[in-house]
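Read through the structure below, which is laid out as structure tokens, and then see the notes.
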Amino acid sequence: MKYDAKVLANYDVSIAPIDDTMLMSYALFSGLHNHGMDGLSERYLGHTPIPIKDLLGSGKSMITFDRVPIDEAVKYAAEDADITLRLWMTLKPKMPSARVTTVYETLERPLVPVLSQMERHGIRVDRETLSRMSNSFAQKMAGLEAEIYELAGESFNVGSPKQLGEILFEKMGIEGGKKGKTGAYATGADVLEDLATEHELPARVLDWRQLSKLKSTYTDALQEHIDPDTGRVHTSYVQTGASTGRFASTDPNLQNIPIRTEEGSKIREALVEDPGKTLIALDYSQIELRILAHMADIPALKQAFSDGLDIHAMTASEMFDVPLDEMTPEIRRRAKAINFGVIYGISGFGLARNLRIPRGEAQAFIDRYFERFPGIRTYMDDTIAFAKKHGHVATLFGRKIHTPEIAAKGPRAGFARRAAINAPIQGTAADIIRRAMIRMPAAIAGMPCKMLLQVHDELLFEVEDKAVDDVITVARDIMESAAKPTLALDVPLVVDAGKGANWAKAH
DNA sequence: CATCTCACG
DNA sequence: ACGTACGTGAGATGC
């Protein structure tokens, strides 16, 4: 429905009320299968729809729908409408559960016009900034390539993991090359970082890879996504994109714009305000840990959030018996890794790899954590037991995430258990920001302000300069109270705000 | 088209 | 004994 709503909006047509079979399927069956019309048609109607490829072709010779012969277009469009109606008649009676229906009606359906608007607004991208950065990256890469060829004693494709593996582990004879399932040497960043302590070449390759990634995926690709009509980039959110309730962002993905490294975060300087306006970024502080503290009912964590303390420092203090005023960055870093690990369904192996410590040590940390916060283990055990009994887990809003592999044997069971532990936490956070987004248009109605982007725990707005502080006040209030009145969380939700001429400055 | 790699929360 | 942190999308390579 979102796609159709956007097409119709070009002709000033709006539609209400709506139903959407894709969203109905998502509310009913997230985690079980995908929710596209073609798949649903095969599953429920036993009918394979005309593939759009048959009309448009693919790749370079692909045509647009307006150039499809009318008789073919009619058959396709009529089938599309017919199947959608038949799917609706099939799925509507499958929604007897009050909770699933509530999720569909309050967290899925109302988002369609909200996301349509955001996608239509798009965000302004400064092509010149990207172009300059692209040239700079290209120069630096060329310099690195020369060094790499010199160190290797020959030229090769640095971007080919296969060729790089052969250079490192065969030609140069570096020890410790490990081949994966497919017989290729592993050359991921973890591997190269280890080698880089002893060898120049892998260190240079790591630098090259970072630049290559930034250039191809961001500075170059983003320019190609600038709409010539609007001068802006219009992402597409896939409302059913993640099983947990999060969205996916595609064409381009604006939910993975770099920020973690200094080089990378400069990309955000190219995502800019319209003249006379300002970008505002509001993000939830530690929302998943807050939800964990509430769901697992951990008094110490809840108290720390209520008191506005540094949660990772508090965890470290509790775990390692270090007073807060004697906390060191290294101890805090370890506690932070453990806190994140808990959200992901912690394992000794995973924590050991993340912290680069022996597995036994990591396991000792985890044991200690469970000792100090026994509610965490109870939450994990209860969640897995629930998943085994019901075949799904749920968010605090009642969103179901099905866990069909929870009964599997072997390594798949481990994946399923960790996913089951994570899903209610990640999913509840997703539900909360969805609620904020749904309430936002009414809250900012009349203000010279547009909501542009969502990045899982963050919303980005474009606001006329004079209204910046008012919008921050209003939008923050909507976000911080988004769980209410459905949920009475034992922890406060806190939203940090920033503003600036571009996305980097707004952070 | 599968695989590897790497960007984000 | 084995293989593991959760959720995503996209570009380049190579078959």
Side-chain angles (χ1 to χ4, degrees), chain A residues 30-31 58-59 156-165 179-192 205-206 208-222 224-225 235-238 240-261 263-265 267-268 283-289 292 337-355 359 362-363 366 393 401 409-427 429-430 433 453-458 503:
Chain A
S30 188
S58 65
F156 65 100
N157 184 347
V158 183
S160 164
K162 184 165 177 278
Q163 293 180 36
L164 176 65
K179 294 189 176 183
K181 295 160 201 165
T182 56
Y185 290 110
T187 70
D190 285 7
V191 175
L192 297 189
V205 170
L206 282 167
W208 184 92
R209 281 212 181 135
Q210 193 197 4
L211 297 174
S212 169
K213 180 75 175 183
L214 295 176
K215 182 174 186 296
S216 65
T217 309
Y218 300 105
T219 59
D220 291 350
L222 226 39
E224 291 162 24
H225 280 284
T235 188
S236 200
Y237 290 104
V238 188
T240 61
S243 62
T244 53
R246 278 192 179 178
F247 308 140
S249 161
T250 66
D251 305 305
N253 181 356
L254 292 183
Q255 291 183 323
N256 74 343
I257 302 299
I259 193 170
R260 291 176 185 174
T261 68
E263 290 265 63
S265 67
I267 304 274
R268 292 189 176 220
D283 68 285
Y284 284 105
S285 166
Q286 308 283 10
I287 188 167
E288 291 189 3
L289 271 179
L292 173 72
I338 298 166
N339 275 333
F340 277 109
V342 168
I343 290 170
Y344 296 154
I346 201 159
S347 74
F349 181 93
L351 182 65
R353 202 176 62 169
N354 189 285
L355 284 177
R359 197 178 145 176
Q363 190 55 53
I366 295 169
V393 292
I401 298 111
K409 298 279 178 209
R412 298 171 83 111
F415 278 115
R417 278 198 290 270
R418 292 191 295 273
I421 289 165
N422 174 261
I425 303 167
Q426 188 183 119
I433 196 167
L453 301 178
Q454 189 252 39
V455 190
H456 309 308
D457 65 356
E458 169 184 357
W503 200 2

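Chain letters run A, B, ... following the sequence lines, proteins first, then strands; residues in each count from 1.
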For C/dC2 and B/dA7, measure between their C1' atoms and round to the nearest Å. 30 Å

So what does A/R412 hit on the nucleic acid, given a heavy-atom distance under 4.0 Å: a base, only sugar-phosphate, or nothing? nothing

What nucleic acid atoms does A/S249 come within less than 4.0 Å of, heavy atoms only: base, sugar-phosphate, or nothing? sugar-phosphate

A/S243 has a side chain; which of C/dT8, C/dC6, C/dA10 sits nearest to it? C/dT8

Closest to the side chain of A/I346, out of C/dG7, B/dC6, C/dA5, is C/dA5

Specify the separation, in whole Å, of atom NZ of A/K213 and atom C1' of B/dC6. 4 Å

If we ignore angles and hydrogens, is there a donor and acceptor under 3.5 Å between the side chains of A/S236 and A/T250? no

Taking atom P of C/dG3 as reference, at what distance in whole Å does atom CD of A/Q363 sit? 19 Å

Would you mind classifying the nucleic acid contact of A/R260 as base, sugar-phosphate or nothing, using non-hydrogen atoms under 4.0 angstrom? base

Could you tell me whether A/I257 contacts a base, only the sugar-phosphate backbone, or nothing, with contacts defined as non-hydrogen atoms closer than 4.0 Å? sugar-phosphate

Determine the interatomic distance between C1' on B/dC6 and the same-named atom on C/dG3; round to the nearest Å. 22 Å

Euclidean distance, atom CD of residue A/E263 to atom P of B/dA7 [Å, nearest integer]: 12 Å

Of the candidates C/dG11, C/dG14, C/dG7, the side chain of A/T217 sits closest to C/dG11

So what does A/N354 hit on the nucleic acid, given a heavy-atom distance under 4.0 Å: a base, only sugar-phosphate, or nothing? base

Expressed in whole Å, how much space separates the P atoms belonging to C/dT4 and B/dT3? 15 Å

Touch check for A/G341, heavy atoms < 4.0 angstrom, all strands: base, sugar-phosphate only, or nothing? base

Students often get this wrong, so: under 4.0 angstrom with heavy atoms, is A/A221 touching a base, only sugar-phosphate, or nothing? sugar-phosphate

Smallest heavy-atom separation, A/G345 atom then A/I421 atom, equals CA-CG2, 4.0 Å

Just N and O in the side chain of A/T187: are any of them under 4.0 Å from OP1 or OP2 of B/dC4? no

Return the nearest nucleotide to the side chain of A/R209; candidates are B/dC6, C/dT4, B/dA7. B/dC6

Side chain of A/N422 only, please: which of B/dC8, C/dG3, C/dG7 is the nearest? C/dG7

OP1 or OP2 of C/dG11 sitting under 4.0 Å from any side-chain N/O of A/S212? no

Touch class at under 4.0 angstrom, heavy-atom based, for A/A420 against every strand present: nothing

Using a heavy-atom cut-off of 4.0 Å across all strands, would you classify A/N157 as base, sugar-phosphate, or nothing? sugar-phosphate

Selected nucleotide, minimal atom distance to A/V455 side chain, candidates C/dG9, B/dG9, C/dG7: B/dG9

How far apart are the closest heavy atoms of A/I287 and A/A429, and which atoms are they? CG2-CB, 4.0 Å

Atom CD of A/Q255 and atom C1' of B/dG9: how far apart are they, to the nearest Å? 8 Å

Given atom CG of A/L453 and atom C1' of B/dG9, what is their separation to the nearest angstrom? 14 Å

Go nucleotide by nucleotide along DNA chain C from the 5' end; which of A/P252 and A/Q163 gets its closest nucleotide reached first? A/P252

Closest non-hydrogen atom pair, A/N157 against A/Q163: N-OE1, 2.9 Å

Looking at every strand, decide which applies to A/S347 at a 4.0 Å heavy-atom threshold: base, sugar-phosphate, or nothing. base

Using the side-chain heavy atoms of A/A248, tell me which of these nucleotides is nearest: C/dT4, C/dG9, B/dG9. C/dG9

Atom pair distance, as rounded to whole Å: CZ in A/F340 and P in B/dG9: 10 Å

So what's C/dC2 paired with, Watson-Crick or G-U wobble, going by both distances under 3.5 Å? none

Looking only at B/dG9, B/dC6, C/dG11, the nucleotide nearest the A/A189 side chain is B/dC6

On a heavy-atom basis, the closest approach of A/I338 and A/I346 is O-CD1, 4.0 Å

Smallest separation among heavy atoms of A/A362 and A/A352, with atom names: CB-N, 3.6 Å

As a test of reading the structure: which of C/dG9, C/dG7, C/dG14 is closest to the side chain of A/T244, going by heavy atoms? C/dG7

For residues A/A420 and A/P424, report the shortest heavy-atom separation together with the two atoms involved. O-CD, 2.9 Å

Pairing of A/K215 and A/E263 as salt bridge, 4.0 angstrom limit: no

C/dT13 pairs with which nucleotide, Watson-Crick or G-U wobble, both distances below 3.5 Å? B/dA2

Provide, to the nearest angstrom, the distance between the CZ atom belonging to A/F415 and the P atom belonging to C/dC2. 16 Å

What contact category does A/N256 fall into here, base, sugar-phosphate, or nothing, at under 4.0 angstrom with non-hydrogen atoms? base

A/A419 has a side chain; which of C/dG11, B/dA7, C/dC6 sits nearest to it? C/dC6

Is A/R246 close enough to C/dG7 that one of its side-chain N or O atoms is under 4.0 Å from OP1 or OP2 there? no

Let's test your reading of the model: under 3.5 Å, does the base of C/dT4 pair with the side chain of A/R359 as donor and acceptor? yes

Got a second to check how far A/I425's CD1 is from A/T244's OG1, nearest 0.5 Å? 11.5 Å

What does A/G345 touch in the nucleic acid at a heavy-atom separation under 4.0 angstrom: a base, only the sugar-phosphate, or nothing? nothing

Tell me the interatomic distance from A/Q454, atom CD, to C/dG7, atom P, rounded to whole angstroms. 18 Å

If you look at every strand shown and take non-hydrogen atoms under 4.0 Å, does A/I259 touch a base, only sugar-phosphate, or nothing? sugar-phosphate

